[in-house]
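Notes follow the structure.
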Amino acid sequence: MKELIERIAKTLVDDPEQVSVAEIAGKQTTILELKVAKEDIGKVIGKNGQTANALRTILSAASGKLNKHYILEIIG
């Protein structure tokens, strides 16, 4: 999942070198912290949060087979 979010985020931003994803694993829930450059945070969040919601939807759909819950946090 980490690689999926990182790959998608790198295509959205102007500075893909600044994109990193940290994974904090728990028993049933894993938190993915997406870090981007401050200039690119608007591109990752999108208008009214639409891009961020789309990323979370993709993450939710991809994690369904793993029976694990993922939370995406965006950090600028």
Side-chain angles (χ1 to χ4, degrees):
M1 294 301 149
K2 177 180 174 181
E3 294 82 15
L4 174 67
I5 295 298
E6 187 172 356
R7 185 172 294 200
I8 292 171
K10 283 185 178 183
T11 62
L12 294 173
V13 299
D14 290 333
D15 190 3
E17 297 295 319
Q18 295 291 323
V19 174
S20 67
V21 179
E23 189 171 6
I24 303 167
K27 289 183 181 178
Q28 294 180 349
T29 303
T30 301
I31 299 172
L32 296 176
E33 291 183 343
L34 173 61
K35 293 182 184 177
V36 297
K38 290 191 186 286
E39 304 83 37
D40 291 327
I41 196 155
K43 292 178 179 147
V44 175
I45 293 174
K47 186 179 256 185
N48 295 325
Q50 289 179 338
T51 305
N53 287 337
L55 285 170
R56 289 182 177 111
T57 301
I58 292 169
L59 188 62
S60 176
S63 66
K65 292 183 178 181
L66 300 176
N67 292 331
K68 197 161 188 180
H69 182 68
Y70 284 86
I71 297 172
L72 178 65
E73 293 182 359
I74 300 170
I75 301 169

Do [X] and [Y] touch side chain to side chain, with heavy atoms closer than 4.5 Å?
| X | Y | result |
| --- | --- | --- |
| K2 | Y70 | no |
| K35 | S20 | yes |
| V44 | T51 | no |

Open item on the list: Determine whether a donor-acceptor pair (N or O, by modelled atom type, separation under 3.5 Å) exists between the side chain of S60 and the backbone of R56.
Closed with: no
Over all heavy atoms of both residues, which pair between [X] and [Y] is shortest? Give the atoms and the distance, please.
| X | Y | result |
| --- | --- | --- |
| A52 | I74 | CB-CD1, 3.7 Å |
| K43 | L12 | CD-O, 3.7 Å |
| V36 | D40 | CG2-C, 4.2 Å |
| M1 | A62 | CE-O, 3.2 Å |
| L32 | I5 | CD1-CG1, 4.1 Å |

Open item on the list: With a 4.5 Å cut-off on side-chain heavy-atom distances among I, L, V, M, F, W and Y, is there a chain of contacts connecting I58 to L66?
Closed with: yes
Open item on the list: Would you compute the distance between atom CG of D15 and atom CD of E39 and round it to the nearest 0.5 angstrom?
Closed with: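 With rounding to 0.5 Å, CG (D15) is 7.5 Å from CD (E39).
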Open item on the list: Distance check, rounded to the nearest 0.5 Å: E33 atom CD versus I71 atom CD1?
Closed with: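 With rounding to 0.5 Å, CD (E33) is 11.0 Å from CD1 (I71).
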